[in-house]
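Worksheet: one structure, shown below.
Residue numbering restarts at 1 for every chain, and letters A, B, ... go by the order of the sequence lines.
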2 protein chains.
Amino acid sequence: MRNLQHPGREQLDLPAVLYALSDPTRLEIVRRLAADGERACGTFGLSATKATLSHHFKVLREAGLIQTRVEGVHRYNSLRKQDLEARFPGLLKAVLKASGPC
Amino acid sequence: MRNLQHPGREQLDLPAVLYALSDPTRLEIVRRLAADGERACGTFGLSATKATLSHHFKVLREAGLIQTRVEGVHRYNSLRKQDLEARFPGLLKAVLKASGPC
DNA sequence: TCCATTGTTTGACGACAATCGAACAACAGG
DNA sequence: CCTGTTGTTCGATTGTCGTCAAACAATGGA
């Protein structure tokens with residue numbers, strides 16, 4: 001549990017990324033990370049339980065959308081903007097723009 | 001069955017669009033429509049059965065990605081490029097680019 | 001009118017996904 | 001140590017998805 005798995009930049013899979021983004025809760029997480037930068041899991045104020053949110057973060061992490069840094073008792077999540085831009089140019093920006101004003 | 005349902009431009013829903021694109025078979029259909037323009041359902045040479053393909057076309061249609069025109073015994077499908085571009089600027093282009101060379 | 005073609009619908013099946021409560025693990029501070 | 005905090009994992013439930021075969025519908029042509 002100390003070391004979290006993140007796929008490499010070359011392993012990012014487009015269908016998996018699109019699938020991860022197709023859930024409203026996960027899309028909201030990504031929007032906030034894009035707007036506010038790094039955040040701990042518990043600071044999103046979403047209405048799901050801890051277990052459900054942990055599941056969504058896992059889906060996002062395994063799809064390569066976010067990376068999670070462990071520091072003490074917290075997990076700080078951030079968007080993998082550069083990896084995503086390198087692999088899928090313009091995609092993240094288009095999705096964020098399409099998801100409405102921040 | 002004569003008149004097919006297509007959502008209006010304003011009704012296009014981003015999670016639904018991303019979900020529709022997150023299946024490899026459906027993504028391939030979209031890629032070919034983008035490359036070749038209008039095509040009948042049976043001309044894609046995909047390995048799934050008629051029933052499965054019909055299901056995928058329905059998902060794409062109901063998400064607003066394609067429109068289907070009935071002519072005789074054929075259903076001609078085309079990408080709703082302009083509606084998609086109006087609602088989600090840059091998204092389709094980024095997805096197509098990310099999905100590999102045509 | 002009969003038949004072949006094209007695509008949809010139905011019903012079924014197995015696999016997977018979203019959700020939750022409860023138990024667990026790791027850590028920080030007293 | 002003990003305790004509270006933060007987040008993960010487990011087990012179970014409920015629902016959805018992708019897939020297929022079979023039946024059906026609509027059309028055009030022989």
Give the rounded distance in Å between these two atoms: [atom1] of [X] and [atom2] of [N].
| X | N | atom1 | atom2 | value |
| --- | --- | --- | --- | --- |
| A:Lys58 | C:dA18 | NZ | C1' | 13 Å |
| B:Leu53 | D:dT19 | CG | C1' | 11 Å |
| A:His55 | C:dA22 | NE2 | P | 20 Å |
| B:Leu46 | D:dG18 | CG | C1' | 14 Å |
| A:Arg69 | D:dT6 | CZ | P | 16 Å |
| A:His56 | D:dG7 | NE2 | P | 16 Å |
| A:Asp23 | C:dC16 | CG | C1' | 14 Å |
| A:His74 | D:dT8 | NE2 | P | 12 Å |

Just the atom pairs and distances: protein N or O near nucleotides 12-14 of chain C's N or O, under 3.5 Å.
none

Any side-chain donor near an acceptor of the partner, B:Arg61 and B:Thr68, under 3.5 Å: yes
Pairs involving residues 38-50 of chain B, ordered by first then second residue, that meet salt bridge (charged side-chain N to carboxylate O under 4.0 Å, His left out) (sequence neighbours left out): B:Asp36-B:Arg39, B:Glu38-B:Arg69
Residues A:Asn77, A:Ile29; criterion side-chain contact (heavy atoms from CB on, under 4.5 Å); working and verdict: CA-CA 10 Å; A:Asn77 301 286; A:Ile29 290 171; over 6 Å; no
Check against side-chain contact (heavy atoms from CB on, under 4.5 Å), B:Leu65 and B:Leu12: CA-CA 9 Å; B:Leu65 277 158; B:Leu12 298 188; over 6 Å; no
Can you tell me if [X] touches the phosphate of [N], counting only side-chain N or O atoms and a distance under 4.0 Å to OP1 or OP2?
| X | N | answer |
| --- | --- | --- |
| B:Arg39 | C:dT6 | no |
| A:Arg75 | C:dA25 | no |
| A:Thr49 | C:dT19 | no |

Those residues that, when tested against A:Arg32, pass salt bridge (charged side-chain N to carboxylate O under 4.0 Å, His left out) (two or more places apart): A:Glu28
Set of salt bridge (charged side-chain N to carboxylate O under 4.0 Å, His left out) partners for B:Arg87, sequence neighbours left out: none
Comparing A:Val73 and A:Ser47 on DNA chain C - which has the more 5′ nearest nucleotide: A:Ser47
Contact state string [nucleotides 10-16 of chain D, B base, S sugar-phosphate only, - no protein heavy atom under 4.0 Å]: -------
Most 5' of A:Phe57 and B:Val59 on DNA chain D, judged by nearest nucleotide: A:Phe57
Closest listed nucleotide, where the reference is the side chain of [X] and the choices are [options]:
| X | options | result |
| --- | --- | --- |
| B:Ser54 | C:dT9, D:dC20, D:dT6 | C:dT9 |
| A:Thr52 | C:dT19, C:dT8, D:dC20 | C:dT19 |
| B:Arg26 | C:dG7, D:dC20, D:dG18 | D:dG18 |

Give every donor-acceptor pair under 3.5 Å between a side-chain atom in residues 16-25 of chain A and any protein atom, sequence neighbours left out.
{"from": "A:Ser22", "atom 1": "OG", "to": "A:Tyr19", "atom 2": "O", "distance (Å)": "2.7"}
{"from": "A:Asp23", "atom 1": "OD1", "to": "A:Thr25", "atom 2": "N", "distance (Å)": "2.9"}
{"from": "A:Asp23", "atom 1": "OD1", "to": "A:Arg26", "atom 2": "N", "distance (Å)": "3.1"}

